[in-house]
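Written below as structure tokens is the structure these notes are about.
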Amino acid sequence: MSGMDLLNVYHLQIITFMAVNSILALSFYLPLSAGQLSLGCAGFMSIGAYTAAILSLHYGLPVFTTIPAGAAAAALAGVLLGFPALRLTGVYLAIATLGFGEVVRVLFLNLKITNGALGMPEIPNLNDYFSALYRSWGLQGDLAGLDLPRLAALTTVVFCYFVLAACVAFVLRQENSRTGRAMAAVKADEVASGVMGIGATYIKMLAFVQGAFLAGLAGAISAHVTNFIAPGDFNYHRAVNILLFVVLGGSELVWGGLLGAAVLSVLPEFLRFMQDFRWIIFGALLAAMMVFRPQGLLDRQLLCRFSLRKKRAMDGMDARASSGEVD
Amino acid sequence: MLLQLKGVSKRFGGVAAVDNLNLEVARGEIVGLIGPNGAGKTTVFNLISGLLSPSGGDILLNNTSLAGKKPHRITALGVARTFQNIRLFNHLTALENIMAGQYCRTRTGAWQAFFRTGAFRKEEREVRERAGELLAMVGLAPYRDIAAAALPYGCQRRLEIARALATRPGIILLDEPAAGLNEAESESLQEMIRRIRETGIAVLIIEHDMNLVMSLCDRVAVLNFGQKIAEGTPNRVRDDPEVIRAYLGREETGLA
Amino acid sequence: MFWQQVINGLTAGATYALVAAGYTLVFGVLEIINMAHAEIFMIGAFIGLLLVTGTGCPVWAAVAGAMAGAGLLGWALERLALRPLRKQGVSHLAPLISTIGVSIFLMSLAMKIFGPQSVRFPASVEPRFFNLFGTVNISLLQIVILGISLALVVALKVLLARTRLGKALRAVAENPEAAGLMGVNVNSVMAAAVVMASALGGAAGVLVGLQFNAVSPTMGIAYGLKGLAIIIVGGMGSVAGAVAGGLLLGAAEVLAIAYIGSSYRDAVAFIILIAVLLIKPSGIFGKLEGRKG
């Protein structure tokens with residue numbers, strides 16, 4: 001039954017957070033793929049989380065409306081922030097977006113509806129939602145050896161990964177489209193992209209708002225997974241953590257951020273014995289990364305080498321097959 | 001008239017980089033823009049392509065004013081250009097560079113890409129095919145999947161021209177396209193520019209290689225200190241005393 | 001009441017100006033935002049605190065010690081996290097990210113050593129109040145903060161304007177390549193800029209620690225973010241802009257506390273920043289298009 005133990009609710013929650021963190025990595029990656037370093041992800045995430053929490057706690061809306069609402073609210077904030085902020089480039093944008101996150105945090109710290117520093121407890125949980133759903137279908141006992149809480153937790157995992165898969169598919173397909181090429185062009189050379197007929201302002205805004213949407217989505221989901229949110233969950237550390245996913249995994253590729261998110265979601269569990277040193281190590285790692293491998297673990301070259309090797313192997317097989325035919 | 005510059009001026013602080021310039025380019029014409037270094041030639045290109053807006057005068061393309069319009073709008077109206085110091089999208093492949101250049105002539109968005117709609121697949125196929133054609137036209141077909149930054153210098157120049165053509169321009173502005181090319185490359189460049197003209201596209205070209213200018217251009221305008229000091233057929237301009245003085249005078253101060 | 005607010009605002013503003021001057025010095029010379037500056041500030045505060053509690057030395061000596069320690073830290077930062085990135089083909093975002101790494105490292109290290117709670121200075125440096133014009137109180141501490149801040153900013157100004165090092169700093173800020181060709185050792189000038197900026201940050205740390213009588217590992221975050229907002233509003237690379245911006249922010253915060261409530265204090269800087277960006281679209285440092293002919 002050790003296999004079953006692996007599926008306990010706690011492990012399933014970590015696996016769920018891996019998906020949430022991956023969505024956050026995408027939300028950081030998107031503006032970056034258009035050349036914008038935005039550190040506002042934590043701010044947008046908090047907007048998504050609080051919107052979902054308020055709508056479900058104060059207005060009793062069901063989970064499947066509050067999650068899209070949270071993402072939409074973050075996207076709207078992205079539009080509003082984008083107008084002044086996207087006039088900035090490089091480090092200026094990074095600072096302004098970091099500041100935005102700080103303003104949002106102070107706001108949530110002080111508003112009555114967000115319950116200030118005490119945070120918002122008892123947010124309806126996705127697990128409970130799915131349990132209730134199964135119960136309403138008349139499911140009482142076990143199904144295929146799983147009890148109801150585990151089944152519900154497993155459903156939450158599946159739901160989160162379904163959302164993640166949709167996000168990844170969107171980003172990948174966009175990358176191989178007219179819009180994605182425009183983003184890459186703006187990142188490579190904004191002036192030249194303008195002369196090539198690409199409206200950089202629109203493209204940057206699009207990437208920025210898409211990033212905000214995904215951060216809001218991740219925030220809303222996390223609110224419905226953790227039951228409890230407080231302004232401190234979305235501070236400077238959170239912003240840096242999201243940055244770390246992408247920088248560690250590789251900022252040139254979608255897969256880089258996903259790898260970084262996966263590694264950094266699981267790593268703390270293995271490094272539990274050195275919990276206190278976690279951030280010390282992360283900090284040193286980030287600085288060392290910039291010195292020794294600024295492009296992150298995964299980069300285009302590495303990916304090329306993988307696909308080349310595969311191709312070469314296949315070519316070799318083809319050659320053998322054809323020579324066999326001649327014989 | 002395809003392109004008209006009417007009394008265009010550009011001042012930086014008190015200095016006039018371009019001063020009351022009048023210039024016209026007709027459909028399918030190759031016009032040279034020459035002059036000593038610092039005469040304001042690239043500034044003229046920046047004004048036409050919208051990277052700068054004129055301090056005075058007007059720029060018309062097919063009788064539509066370009067002054068004050070954003071660069072990408074001007075490109076959509078039919079002006080394409082290259083840069084003196086090549087500005088390709090470095091980590092994109094040769095093919096992707098040209099595909100990016102077709103942005104303003106295509107329509108499908110991210111959602112259509114997500115759902116792989118028929119319209120998206122059709123447009124993507126067309127963009128890819130056209131990019132392949134343009135690559136072949138500039139002789140870069142073997143390099144299609146090489147990153148732009150990794151291409152040899154001469155190939156980068158040609159790729160930049162192909163990328164500009166991808167925007168389907170009425171006129172293309174070439175900023176010193178032969179700079180750094182050897183004789184054979186320069187020959188094939190001239191051949192390429194003639195072929196571009198045959199497709200009905202006008203060419204305005206800044207170039208220091210006088211042989212290229214003389215053999216290629218229908219008409220030449222000479223700038224000095226932001227002012228047009230001569231204009232006419234290559235032969236007439238070459239023998240113009242003021243042009244000779246402008247070049248020699250600059251050389252003297254250059255040596256002093 | 002009004003004059004009391006002015007004095008409080010000035011005191012806060014003076015420390016902001018010191019922090020911002022450090023950011024602006026590094027940016028002016030290296031074109032880098034040093035995200036670790038806030039944590040160097042915090043370490044400076046701890047050094048000052050340890051000196052006062054350990055040796056019972058006077059405030060000015062604690063400030064001097066903190067400046068020396070923070071300067072040393074700045075030197076290490078430049079050698080280990082900034083200089084290796086100064087080579088061809090490294091993204092301009094790399095130093096930003098590496099200094100964020102250093103900032104996280106220092107903050108969590110301080111957390112490990114000193115614990116998360118804030119520590120107080122010994123009672124001997126508790127504020128003594130002087131009464132000005134009947135209703136206005138100024139503490140000895142406020143006078144010390146204003147005096148030391150003013151002295152440091154003036155010293156920085158004189159150093160930049162009058163000394164050989166100042167000339168070299170300005171030359172590198174103008175054009176590193178040209179300065180290098182003229183025989184300036186660019187690497188050591190850049191190191192000097194980071195060391196000086198860090199020393200200013202360390203001094204500010206002690207002063208802020210005294211001002212609120214609290215030193216904690218996370219005290220740098222708010223000051224760092226505010227310092228960054230100030231240099232954008234005041235003009236990147238300008239010491240005068242940093243001082244003006246710092247004083248402006250001090251005044252604005254005091255007004256916000258008086259009329260809106262103290263809890264919004266930490267948001268004021270960025271609300272000003274975003275408002276400035278909205279009103280002045282190109283940004284205060286808006287770049288002109290390249291001019292070539």
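Within every chain, numbering begins at 1; the chains are lettered A, B, ... in the order of the sequence lines, protein sequences first and strands thereafter.
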Fill in the blank from the handout: Sequence neighbours excluded, the answer for side-chain contact (heavy atoms from CB on, under 4.5 Å) partners of A:Leu80 is none

Under 3.5 Å, what donor-acceptor pairs does chain A form with chain B?
unit_1: A:Arg173; atom_1: NH1; unit_2: B:Phe114; atom_2: O; d: 2.7
unit_1: A:Arg178; atom_1: NE; unit_2: B:Tyr103; atom_2: O; d: 3.1
unit_1: A:Arg178; atom_1: NE; unit_2: B:Thr106; atom_2: O; d: 3.0
unit_1: A:Arg178; atom_1: NE; unit_2: B:Thr106; atom_2: OG1; d: 3.0
unit_1: A:Arg178; atom_1: NH1; unit_2: B:Thr108; atom_2: O; d: 3.3
unit_1: A:Arg178; atom_1: NH2; unit_2: B:Tyr103; atom_2: O; d: 3.2
unit_1: A:Arg178; atom_1: NH2; unit_2: B:Thr106; atom_2: O; d: 2.9
unit_1: A:Arg181; atom_1: NH1; unit_2: B:Glu124; atom_2: OE2; d: 2.8
unit_1: A:Arg181; atom_1: NH2; unit_2: B:Glu124; atom_2: OE1; d: 3.4
unit_1: A:Asp189; atom_1: OD1; unit_2: B:Arg87; atom_2: NH2; d: 3.1
unit_1: A:Asp189; atom_1: OD2; unit_2: B:Arg87; atom_2: NE; d: 2.8
unit_1: A:Gly194; atom_1: O; unit_2: B:His72; atom_2: N; d: 3.3
unit_1: A:Val195; atom_1: O; unit_2: B:Thr75; atom_2: OG1; d: 2.7

Exercise for the section: Not counting sequence neighbours, which residues clear side-chain contact (heavy atoms from CB on, under 4.5 Å) with A:Val209? List them please. Expected result: A:Ala75, A:Val79, A:Met205

Practice task
May I have all residue pairs that pass salt bridge (charged side-chain N to carboxylate O under 4.0 Å, His left out) and include part of residues 68-82 of chain A, sequence neighbours excluded?
Solution key: none

Practice task
Please work out which of the three classes, parallel, tilted or perpendicular, describes the rings of A:Phe64 and A:Phe159, given edges at 30° and 60°.
Solution key: perpendicular

Practice task
Measure the acute angle between the ring planes of B:Phe114 and A:Phe170, then classify it against the limits of 30° and 60° as parallel, tilted or perpendicular.
Solution key: tilted

Practice task
Verify, without hydrogens or angle tests, whether A:Thr97 (side chain) and A:Leu39 (backbone) share a donor-acceptor contact under 3.5 angstrom.
Solution key: yes

